[in-house]
There are 2 protein chains.
Amino acid sequence: MSISSRFSVAIHILCLLAVSKDKATNTSEYIAASVNTNPVVIRKVMSMLKSAGLVHVRAGVAGAELAKELPNITLLDVYKAVNVVAENDLFNSHEHPNPECIVGRNIQQSLTKQFSAAQNAMEQSLAGVTLAEVVEDILESDKMRSLENG
Amino acid sequence: MSISSRFSVAIHILCLLAVSKDKATNTSEYIAASVNTNPVVIRKVMSMLKSAGLVHVRAGVAGAELAKELPNITLLDVYKAVNVVAENDLFNSHEHPNPECIVGRNIQQSLTKQFSAAQNAMEQSLAGVTLAEVVEDILESDKMRSLENG
DNA sequence: TTACCTGTAATCGAATATATTACATGTAAT
DNA sequence: ATTACATGTAATATATTCGATTACAGGTAA
């Protein structure tokens with residue numbers, strides 16, 4: 001299976017907070033309408049983003065806002081905030097291979113090493129992208145769209 | 001969720017074929033005992049490895065053997081053979097964001113780009129490792145184990 | 001023909017993801 | 001203080017997926 005869409009939802013939320021700057025209108029319901037999901041899903045993700053120090057939200061008061069500047073938030077920050085993949089857990093190894101077999105009793109060590117390296121490569125790719133770039137992409141993409149449609 | 005253990009099982013199988021060279025003993029039942037799973041799981045994975053040209057197996061005849069030399073099989077080859085992650089499908093994006101919203105109608109394009117880059121980074125990491133290295137790790141690891149236990 | 005293997009479809013139970021309901025709690029304005 | 005409305009969160013429902021398993025068809029060699 002693939003990595004939970006909670007990650008893409010979180011990115012969406014943060015981009016929306018950056019673009020739609022009127023704090024009070026950014027309620028979970030408003031954001032849910034943009035993402036196309038249930039407001040509770042938004043609140044849950046928002047809660048994780050808050051714990052990670054990426055947004056400011058207060059119980060009872062409408063809206064949320066970014067806690068950092070866009071260039072200072074990487075996709076890796078968001079990924080870790082929403083906890084979609086635990087450490088060394090992108091790849092699932094089969095459990096309890098046979099210790100009577102030379103392969104069985106030694107393979108996990110090697111697999112762990114290689115899987116960890118691969119997961120790290122993926123995460124470092126995310127670390128190289130900031131939300132500023134994603135928002136730029138979005139604005140640029142919309143500009144193109146406008147031109148195409150006259 | 002994480003990537004199916006079918007991948008680690010496939011690596012286990014191939015290493016076992018390399019180490020246990022008596023072809024006739026490498027039945028699905030024997031391999032299953034080393035991996036600690038059901039023989040049908042082994043046959044299914046073996047079938048995928050066969051389709052990818054990594055092993056030779058024949059219906060009705062006991063055993064299997066490698067179709068290539070260890071240094072010529074990368075972890076990426078195995079990963080693709082067992083089809084654990086489809087192209088551009090490591091990350092799951094939320095579907096149908098609101099086209100009325102500037103973020104909603106443009107974010108998928110950017111997400112696809114970044115997710116694809118991250119997935120590619122992970123896969124290229126796997127491409128840099130061959131089964132020869134994994135088997136070396138296993139043999140080396142077992143040697144250490146022997147020394148420790150006198 | 002027998003014994004034993006691989007190939008594969010079908011099914012089961014456990015685990016997980018997302019959506020949703022329900023409600024407790026917090027805040028600000030009147 | 002009360003009202004209106006927001007967030008916080010537990011609990012549940014439904015759909016999907018994974019690995020294990022059963023059952024059986026088909027192949028091969030002695």
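Taking the six-membered ring where the residue is Trp, Phe91(B) and Phe7(A) present tilted rings, their angle falling between 30° and 60°.
Within 6.0 Å of CD in Glu65(A) there are more than 12 heavy atoms belonging to other residues, nucleotides or ligands. The environment of Lys23(A) atom NZ is dense: over 12 non-hydrogen atoms of other residues, nucleotides or ligands sit within 6.0 angstrom.
Between the side chain of Arg58(B) and the base of dT28(D), no donor-acceptor pair under 3.5 Å is found.
Taking only side-chain nitrogens and oxygens, Ser47(B) never comes nearer than 4.0 Å to OP1 or OP2 of dG7(C). Checking the phosphate oxygens (OP1, OP2) of dG8(D), a side-chain nitrogen or oxygen of Lys50(A) falls inside 4.0 Å. Contact annotation: Thr27(A) side-chain N/O to dT7(D) OP1/OP2 distance is not under 4.0 Å. For dC18(D), neither phosphate oxygen OP1 nor OP2 lies less than 4.0 angstrom from any side-chain nitrogen or oxygen of Ser4(B).
Rounding to whole angstrom units, CD of residue Glu29(A) and P of dT7(D) are separated by 9 Å. Protein atom CZ of Arg43(A) is 6 Å distant from nucleotide atom P of dT7(D), rounded to whole Å. The interatomic distance linking His12(B) (NE2) with dG19(D) (C1') rounds to 17 Å, in whole Å. Between the P atom of dA17(C) and the CE atom of Met48(A) lies a distance of 11 Å, rounded to the nearest Å. Across the protein-nucleic acid pair, Ile3(B) atom CD1 and dA15(C) atom P stand 21 Å apart, rounded to whole Å. Straight-line distance from the NZ atom of Lys23(B) to the P atom of dT28(D): 12 Å, rounded to whole Å. If you take CG of Asn92(A) and P of dT17(D), they are 16 Å apart, rounded to a whole angstrom. Taking atom CD of residue Glu65(A) and atom C1' of nucleotide dT7(D), one finds them 15 Å apart after rounding to whole Å.
Side chains of Ser20(B) and Asn26(B): a donor-acceptor N/O pair is present below 3.5 angstrom, by distance only.
Residue order along DNA chain D, read from the 5' end via each residue's closest nucleotide, puts Val84(B) first among Ala59(B) and Val84(B). Nearest-nucleotide assignment on DNA chain C puts the 5′-proximal partner with Gly63(B), out of Gly63(B) and Val41(A). Comparing Gly60(A) and Asn38(A) by the nucleotide of DNA chain C that holds the closest heavy atom to each, the one mapping nearer the 5' end is Asn38(A).
The side chain of Val40(B) lies closest to dA9(C), out of dA10(D), dT18(C), dA9(C).
A donor-acceptor distance shorter than 3.5 angstrom exists from the side chain of Gln119(B) to the backbone of Asp89(B), with no hydrogens or angles considered.
At the heavy-atom level, Val61(B) lies under 4.0 Å from the strands shown only through sugar-phosphate atoms.
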